[in-house]
Structure formats: structure tokens, C-alpha cells
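Here is the structure we will look at, set down as C-alpha cells.
Quick note: residue numbers are just sequence positions, from 1.
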Amino acid sequence: MIGAFNTMRISASGLSAERLRMDTIASNMVNYQTTRDSEGKIKAYRRKIAVFQENLSNSIDNLSKNRGEELLGVKSVGIKEDNSPLRKVYDPSNPDANEQGYVEMPNVNVLNEMADMIASSRAYEANISAINSEKNMFSKALQIGR
């Protein structure tokens, strides 16, 4: 059974997840041409992906005494690196080029990142709309009780 505030908690977890996803996408976009790590060694940036899973809790329904899973929203499992191949760009004048004149560039496609950012912002907006609808329903329920 879903409690009155569980739906709001689920939407809030969605907001948190989409925020992490947008931060990860922004990091990818900032580093789309980064060919060195933080220590200055030649190492192309690898695209990062936010990983989520459903957040379930085992609960016992008091009415039927059935054991079930209750949805609590979504939770972040972590951020993993995308292992797709790095791009190789021929630029022998680049100081990071190898002996053949190729530079390993990050596996970040800015157009894909923009599409992911738009999808993430739409999901964020949908969660905000759900929370606002829930607040309006609570408000109407309180008005009925007056």
C-alpha cells in the first residue's frame, strides 16, 4: 500500500537521480576534448554514465499479512565509465600525438550528450509536475476536511 507521502518521496528520488545524471552529462560535455588526466599524463577522458536502479524495501502488508516489495523510488548505484572505443584524430602537430601522429580523444559525442541532457531535464520537469500535483491534491483534501 502506498502511503500519502510515498508518492512525493518517489518523485523526490527521481529529482535527485536526474540531478546526478545532468551533472554527469555536464562533466562529459566539459571534458569532450580533454586528452590528459589530472596529473598531466596523456590519457583521454572517458565518458561517464550515471547508473540507477529501483529502490525497493521488503515490507509486510498489515491487512493481508503478505510479504511484498514496496517501491521507494530510484537510487543511485554509482557512476561508471563508458568503455566504448576512444576516437583517434590525426593531428601530428599536437603534443599528445603518438608516433603515427594520432591523438586519442575522449569517447564523448556532444550531440548525444545534448540529447541526453534534454531527456534528463524533461524527466526532472515531470517529477516537479508530479510533486506539484501531489501538493495540490493534499491541499484540496485539507479543504474538504474543514
Side-chain angles (χ1 to χ4, degrees), residues 1-140:
M1 171 131 182
I2 295 179
F5 291 101
N6 284 359
T7 54
M8 204 172 269
R9 192 175 303 121
I10 290 168
S11 295
S13 73
L15 288 174
S16 179
E18 291 304 329
R19 168 82 187 267
L20 176 63
R21 185 173 168 209
M22 285 189 270
D23 288 345
T24 305
I25 293 168
S27 174
N28 290 338
M29 291 177 72
V30 165
N31 289 295
Y32 84 102
Q33 288 190 324
T34 302
T35 58
R36 293 183 179 254
D37 64 9
S38 60
E39 298 169 0
K41 296 178 185 171
I42 297 174
K43 181 180 179 188
Y45 175 84
R46 287 211 169 260
R47 179 176 180 259
K48 307 284 190 283
I49 303 168
V51 181
F52 309 112
Q53 73 179 35
E54 68 273 1
N55 188 7
L56 300 172
S57 79
N58 291 328
S59 63
I60 298 175
D61 185 353
N62 290 332
L63 298 175
S64 63
K65 302 295 182 199
N66 289 334
R67 191 156 189 70
E69 292 181 330
E70 180 182 7
L71 180 63
L72 299 176
V74 65
K75 66 180 176 181
S76 172
V77 176
I79 297 175
K80 70 174 192 168
E81 285 188 352
D82 181 359
N83 289 324
S84 63
L86 298 171
R87 293 181 294 129
K88 293 195 187 297
V89 176
Y90 184 72
D91 185 5
S93 64
N94 189 318
D96 296 339
N98 61 15
E99 296 81 29
Q100 292 83 26
Y102 288 93
V103 180
E104 278 195 334
M105 299 297 287
N107 56 350
V108 176
N109 182 326
V110 177
L111 295 177
N112 290 345
E113 297 298 323
M114 282 301 297
D116 288 347
M117 181 68 82
I118 291 168
S120 183
S121 66
R122 296 279 192 257
Y124 192 89
E125 290 170 2
N127 281 304
I128 288 174
S129 295
I131 288 174
N132 287 334
S133 295
E134 292 157 9
K135 287 186 337 188
N136 288 336
M137 285 189 289
F138 292 147
S139 176
K140 296 291 182 188

- Verify the neighbour count for atom CE of Met114: are there more than 12 heavy atoms of other residues, nucleotides or ligands below 6.0 Å? no

Please report the interatomic distance [atom1]([X]) to [atom2]([Y]), rounded to the nearest 0.5 Å.
| X | Y | atom1 | atom2 | result |
| --- | --- | --- | --- | --- |
| Leu111 | Asp116 | CG | CG | 11.0 Å |
| Ile131 | Asn136 | CD1 | CG | 12.0 Å |
| Asn55 | Ser13 | CG | OG | 7.0 Å |
| Lys88 | Asn98 | NZ | CG | 7.0 Å |
| Asn83 | Arg47 | CG | CZ | 11.5 Å |
| Ser133 | Phe138 | OG | CZ | 11.0 Å |

- So the salt bridge (charged side-chain N to carboxylate O under 4.0 Å, His left out) pairs with at least one residue in residues 71-80 (sequence neighbours excluded) are none

- Task: Can you tell me which residue pairs pass the salt bridge (charged side-chain N to carboxylate O under 4.0 Å, His left out) test with a partner in residues 126-140, sequence neighbours excluded?
- Result: none

Set of side chain to side chain donor-acceptor pair (under 3.5 Å) partners for [X], sequence neighbours left out:
| X | result |
| --- | --- |
| Ser121 | none |
| Asp37 | none |
| Thr24 | none |
| Ser27 | Tyr45 |

- Note on the structure: Between Ala130 and Ser11, the two heavy atoms sitting closest are CB-OG, 3.6 Å

- Query: What's the shortest heavy-atom distance between Glu18 and Ser120, and which atoms?
  - Reply: OE1-OG, 2.7 Å

[X]: what forms a salt bridge (Lys or Arg N to Asp or Glu O under 4.0 Å) with it, not counting sequence neighbours?
| X | result |
| --- | --- |
| Glu81 | Lys48 |
| Arg87 | none |
| Arg19 | Asp23 |
| Arg46 | none |

If we only count heavy atoms from C-beta on, is the [X] to [Y] side-chain gap below 4.5 Å?
| X | Y | answer |
| --- | --- | --- |
| Val103 | Thr35 | yes |
| Val108 | Gln33 | no |
| Lys43 | Arg36 | no |
| Tyr32 | Pro106 | no |
| Leu86 | Met105 | no |

- How far apart are the C-alpha atoms of Ile49 and Arg21, what are their side-chain angles, what is the distance that settles it, and do they pass the side-chain contact (heavy atoms from CB on, under 4.5 Å) test? CA-CA 8 Å; Ile49 303 168; Arg21 185 173 168 209; over 6 Å; no

- Test applied, side-chain contact (heavy atoms from CB on, under 4.5 Å); reference residue, Leu15; option that passes from Leu20, Val74, Ile128: Ile128

- Message: Suppose we screen for ring pair (Phe, Tyr, Trp, His ring centres under 6.0 Å). Which residues come up paired with Tyr102, at least two apart in sequence or across chains?
- Response: Tyr90

- Item | Modelled atom types, side-chain donor and acceptor of Asn127 and Ser129, under 3.5 Å | no

- Task: Report the residues that fulfil side-chain contact (heavy atoms from CB on, under 4.5 Å) with Ser84, sequence neighbours left out, ordered by chain and then residue number.
- Result: Asp82, Asn107

